[in-house]
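Residues take their numbers from the sequence shown, with the count starting at 1.
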Amino acid sequence: MNESVPVTRAVDHGTAKLMPDVDRKRAWLLTVDGAPQSYVDLDDPAHLEFEYARRLGHVLDTVAEAGRPLDALHLGGGALTLPRYLAVTRPGSRQDVVEADRGLLELVVEHLPVPDADGIRLHAGDARAWLEAAPDDSADVLVADVFGGSRVPAHLTSTVYARHAERVLRADGVYLANLADAAPFAFLRSQLATLATLFEELALIAEPGVLRGRRFGNAVVVAAHRPLDTTALARRAASDAFPARVEHGPALADFIGGARPVRDEDAVPSPEPPDGAFGIG
């Protein structure tokens with residue numbers, strides 16, 4: 001895209017808009033039905049504008065030594081913010097991106113293309129169907145950032161889904177998910193309880209105001225079979241413009257409390273955000 005002109009297009013699941021950022025020459029905001037989905041700076045893919053994206057980036061930075069290529073599976077594509085980030089921070093990474101909205105994927109490829117050499121393969125399809133067909137032990141990281149509208153789809157919340165995620169990850173692999181909830185955190189606690197049936201190590205990254213129940217917001221969940229570098233994560237999260245806290249160990253177990261793992265037959269989407277929670281002016 002050479003000219004910074006807004007683009008509006010009907011896609012499979014709503015109306016997508018690409019809007020230029022007046023402060024950054026080749027940076028773009030993607031919204032779907034008015035809700036911000038992604039932000040990409042084509043000149044600086046390592047720039048992560050959204051707070052939740054920075055927190056996912058912090059996890060990707062700390063899962064392995066700096067610069068080491070990773071095999072990554074991304075469920076949910078948007079404008080491919082994190083695949084682009086990983087391609088520049090860990091060159092040589094092999095990445096598969098699964099996006100359910102084919103029209104959205106076509107819009108992004110047309111206007112915000114990814115260089116062929118970046119090792120990013122794009123697939124239009126349902127995230128769970130793709131995951132169920134993926135080979136065992138094939139990913140170092142699995143990033144789940146899937147929203148149908150403004151809600152995480154129910155079929156991506158159950159123990160069956162989590163079991164497939166665990167199967168696809170290598171023994172030292174790490175699962176990351178962007179979720180959203182508000183007090184009393186029934187959805188978020190159930191997701192942590194679900195992951196705890198499969199992974200020994202869990203961490204939760206969120207703003208203190210969200211964790212204290214003051215507002216609806218994003219929360220990044222991390223799961224693995226090996227210890228997570230929560231010290232490095234906490235340091236990075238605390239240094240952001242909007243500082244976040246990292247909960248793990250006994251404090252996280254207390255947060256989960258008596259929440260029960262989610263069965264397929266009981267699965268529900270994440271809660272509907274209140275008006276204006278994720279909107280833009």
Rounded to the nearest 0.5 Å, what separates atom [atom1] in [X] from atom [atom2] in [Y]?
| X | Y | atom1 | atom2 | value |
| --- | --- | --- | --- | --- |
| Glu99 | Leu105 | CD | CG | 6.0 Å |
| His164 | Thr159 | NE2 | OG1 | 10.0 Å |
| Leu233 | Arg55 | CG | CZ | 12.0 Å |
| Tyr85 | Thr81 | OH | OG1 | 12.0 Å |

Using a distance-only test with no angle check, is there a side-chain donor-acceptor pair under 3.5 angstrom linking [X] and [Y]?
| X | Y | value |
| --- | --- | --- |
| Tyr161 | Asp264 | no |
| Asp240 | His58 | yes |
| His47 | Glu49 | yes |
| Asp96 | His123 | yes |

With a 4.5 Å cut-off on side-chain heavy atoms, are [Y] and [X] touching?
| X | Y | answer |
| --- | --- | --- |
| Glu207 | Arg215 | yes |
| Val97 | Leu80 | yes |
| Ser150 | Pro273 | yes |

Which atoms form the tightest heavy-atom contact between Ile205 and Val59, and what is the distance?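 Answer, listing the atom of Ile205 first, then Val59: CD1-CG2, 3.8 Å.
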
Is there a donor-acceptor pair closer than 3.5 Å between any side-chain N or O of [X] and the backbone N or O of [Y]?
| X | Y | value |
| --- | --- | --- |
| Arg24 | Leu42 | no |
| Asp140 | Asp71 | yes |
| Arg128 | Leu156 | no |
| Ser158 | Val262 | no |
| Arg189 | Ile256 | yes |

Side chain to side chain contact (heavy atoms under 4.5 Å, CB included) between Gln37 and Lys17, intermediate numbers included: CA-CA 10 Å; Gln37 296 288 323; Lys17 287 187 179 181; over 6 Å; no

Show, in sequence, the C-alpha distance, side-chain angles and deciding distance for Arg226 and Val174, and conclude whether the side chain to side chain contact (heavy atoms under 4.5 Å, CB included) test is met. CA-CA 9 Å; Arg226 60 177 172 89; Val174 178; 3.5 Å; yes

After noting the C-alpha distance and the side-chain angles of Leu73 and Val143, does the key distance pass the side chain to side chain contact (heavy atoms under 4.5 Å, CB included) rule? CA-CA 6 Å; Leu73 173 58; Val143 184; over 6 Å; no

Single hit among Gln95, His74, Arg94 for side chain to side chain contact (heavy atoms under 4.5 Å, CB included) with Ile120: Gln95

Between Asp12 and Arg102, is the closest basic N to carboxylate O distance under 4.0 Å?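 Answer for the salt bridge query: no.
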
Should the ring pair His225 and Phe199 be called parallel, tilted or perpendicular, given that the plane angle runs from 0 to 90° and is split at 30 and 60?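 Taking Phe199 first and then His225, their aromatic rings sit tilted (interplane angle of 30° to 60°).
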
